[in-house]
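What follows is one structure encoded as structure tokens, with my remarks underneath.
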Amino acid sequence: MSESLLSVRNLTRHFDISGGLLDQIRFSGGRFHRQKTLVRAVNNISFDILPGETFSVVGESGCGKSTLGRTIMGLYAPNAGEIHYRGDRIDNLDPRSLLPYRRKMQMVFQDPYASLNPRKTIRQTLEAPLRYHNPKLSNGEVQDRIEEVMLQVGSDPQWISRLPHEFSGGQRQRISIARALIVDPEFIVADEPISALDVSIQAQILNLMMDLQQQRGLAYLFVAHDLSVVEHISDRVGVMYLGTMCELAETAALFENPRHPYTRALMSAIPRLGGGPGGHVRLRGEVPTPINLPSGCVFHGRCPHANDRCRVEIPGLRRLDDGRQVACHGVEEGRI
Amino acid sequence: MAKLLEVRDLVIRFGLRTGEVTATSGVSFSLDRGERLGLVGESGAGKSVTGFSIINLISKPGYIASGEVNFNGENLARVSPERMRQIRGNRISMIFQDPMMTLNPVLTIGTQMTEVLHRHRPELSREQARDIALDKLRKVHIPSPEKRLEQYPHEFSGGMRQRIIIAIALLTDPELIIADEPTTALDVTIQAEIMDLLMELCEKDGMGLILITHDLAVVSQVTQNIAVMYAGRIVEKGPTSRVIAQPQHPYTRGLIAALPQSSRHGERLNQIPGMMPTLKDMPPGCAFNPRCPHVMEICHRQIPALRPGSNGNMAACHLYPEENAHE
Ligand SMILES: Nc1ncnc2c1ncn2[C@@H]1O[C@H](COP(=O)(O)OP(=O)(O)OP(=O)(O)O)[C@@H](O)[C@H]1O
Ligand SMILES: Nc1ncnc2c1ncn2[C@@H]1O[C@H](COP(=O)(O)OP(=O)(O)OP(=O)(O)O)[C@@H](O)[C@H]1O
Ligand code: SF4
Ligand SMILES: [Mg+2]
Ligand SMILES: [Mg+2]
């Protein structure tokens, strides 16, 4: 795995939402216990991202996509597992040792309105990370870099003295991308970067992201709920359900022939332009909460193929002959 | 028999402190009984304002400046508030994107449903109202509806809540449902279920549906006819399959071409340059002219009327000159 840009190994991230001590006290079996309430947002996830590739993560609201991205970025500490960047372990570094990696890894967020500081001019927004990572740059060099990056994201360099509220959503997202780019990263986590934008603007931002990838060899971890966008831009896709990776495959293989029962349901529900209505796989029940994870396969309660083994044994991601990975007993047993 | 709904030349304006702005102009469309119409367009195009105006729900300082909203032949733009209350939530129901705009968090679903029923049918006994509520919850496939009646909105998932909203909208057996982005906040699997449900209800009960959304793919699956809005006007309308397969207006063409499905995997998308103008900086002539690849001199000075395009879709574009209208 030495050629991987990023390696994620058995990554787990929980949130403790127990509240104060009193909220945690439970009485059972004649005794008081202190019991924690954990949201199991990301559980035992492993995958690799290669230099220059687009790896997308899809799955329904609350399945842990953002938590995964933020944990990789070091915004949340993992509870277990490891993260390696070009072979170096980075999840256990102190902030100073992490600094060189922070420059290589940047993040673009969903909401271009919330992610820019409303009181800072565009120049200030772009200048801060640049100077932080390159303290030796002269004023002239800083100015040059700012103008260059503004042009690269298709924005007018003359705008840099303006405040965010003077821009449309699409323009703000360009500036968020400029802020990530200005430190010359290799890897960008883009968490729903186009979800808040209109269709005609989405195409502009996606083109920008694809162009930049070509020019700079960027790798993306891309999170989006629009599956037709994911199908278009991704090299590989991971499908998450309840904090677990249930299938990971090359894009065409995943969309043309999904194997995991959840992936099948998800793919069949994508509204297709000009496609007929209906015909999607109906799932019974609802997504359970990540507070009390189901035993065995996290999907077993809704799966039309679940058997006794599925109810007790957690399926691991197994590689199939075509190279894809699927976490499903039914697929392993040849039932699906 | 009159059309179920006939909107004619609707002009909606907002009296802002900074001056009057026109949100929609010359909006005309009609709907037969049982017909499903999609109203699509990007953010700010005027979809919601149009939908709200049908039942006179535009918030101040908005108002209907001119035009007609004929519902079964009665012009709702001119009826008394009293008459409007009889129609709204009764013969025309509305479903919003955010279920909490309809649901009261502190009342049980059962209480809310019986309240709606009693408002429009005070003669119903409690048992009758309860039976109707149960019937509608079953219709939207809510399991164990008896138990659900006793529950509060927060005890339901997003998808269930939206189904309950639909059940509430159905209580009075309306002739028309206006659904404004009913699934935008929901996951695709839930969206697919809700759309199936809406279609099933229209087909079984002959209800009309106006589906407001920015998602062309959803509209293409659910509706028979489509009206595309841009900057406050309908720029194209026609049968859904034909508008999708043979869009006439350059904006509709651009919109469809910009979808990932229209490009090969990994290739650049066909983006439309620029963005939709805001109400305050509408260009003269065709509002699409700054972004249009076919812009001509006339586009800068004359607003194009909605006329039949070459395939029978109606399009508001100077590419389709007057002559077509007299074929
Ligand atoms: N800071 C937090 N504290 C407590 N719980 C959290 C926190 N952040 C996320 N969660 C919970 O973790 C789970 C995963 O959330 P996450 O935001 O990663 O999902 P997501 O896949 O990004 O969803 P969406 O598509 O809605 O953005 C959810 O149940 C969420 O409520
Ligand atoms: N209360 C209001 N005061 C002033 N302008 C308003 C008001 N409500 C809507 N508008 C304006 O009217 C225009 C049409 O708005 P509308 O809400 O109908 O758009 P929409 O097509 O539904 O967009 P979206 O997809 O974002 O819901 C917009 O330019 C909007 O800014
Ligand atoms: S492991 Fe079992 S329950 Fe899980 S998806 Fe496969 S068949 Fe269904
Ligand atoms: Mg998220
Ligand atoms: Mg709207």
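Every chain is numbered from 1, with letters handed out A, B, ... down the list of sequences. Side-chain atoms are counted along with the backbone in the values below, which use heavy atoms only and exclude waters and symmetry mates.
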message = Could you work out, with side chain to side chain donor-acceptor pair (under 3.5 Å) as the rule, every residue matching A:E186, not counting sequence neighbours?
response = A:Y85, A:R86
ask   = Non-hydrogen atoms of chain B under 4.5 Å away: do they reach the side chain of A:D226, the backbone, both or neither?
value = neither
More than 12 heavy atoms from other groups under 6.0 Å of CD on A:Q158 = no
query = Heavy-atom distance under 4.5 Å to chain B: side chain of A:L227, backbone, both or neither?
reply = side chain
Which atoms of A:T54 approach chain B - backbone, side chain, both or neither, heavy atom under 4.5 Å = neither
inquiry  = Heavy-atom pairs under 4.5 Å with chain A - which of B:M195, B:M275, B:E200, B:H214 has more of them than the others?
reply    = B:M275
message = I'd like to know if the side chain of A:D198 and the backbone of B:E42 have a donor-acceptor N/O pair within less than 3.5 Å.
response = no
task = Counting only heavy atoms closer than 4.5 Å, note whether A:E231 contacts chain B via side chain, backbone, both or neither.
result = backbone
request  = Give a yes or no on this: more than 12 heavy atoms of other residues, nucleotides or ligands lie within 6.0 Å of atom CG of A:D322.
outcome  = yes
query = For A:P271 and B:D215, which heavy atoms make the closest approach, and how far apart are they?
reply = CG-OD2, 4.3 Å
task = Please state whether the side chain, the backbone, both or neither of A:E286 comes within less than 4.5 Å of a heavy atom of chain B.
result = side chain
query = What residues of residues 254-274 of chain B sit under 4.5 Å from chain A when you count only heavy atoms?
reply = B:L255, B:I256, B:A258, B:L259, B:P260, B:Q261, B:S263, B:R264, B:H265, B:G266, B:E267, B:R268, B:L269, B:Q271, B:I272, B:P273, B:G274
inquiry  = Please rank A:H225, A:M210, A:Q204 by heavy-atom pairs under 4.5 Å with chain B and give me the top one.
reply    = A:Q204
note = Scored by heavy-atom pairs under 4.5 Å with chain B, the best of A:A252, A:G170, A:S200 is A:S200
inquiry  = With a strict 4.5 Å heavy-atom criterion, list every residue of residues 137-152 of chain B that contacts chain A, or say none.
reply    = none
ask   = Rounded to the nearest 0.5 Å, how far does NE2 of A:H280 lie from OG1 of B:T189?
value = 8.0 Å
key: Per-residue contact mode, A:L266 against chain B (heavy atom under 4.5 angstrom)   = both
inquiry  = Can you list the residues of residues 236-244 of chain B that sit under 4.5 Å from chain A, counting heavy atoms only?
reply    = B:I244
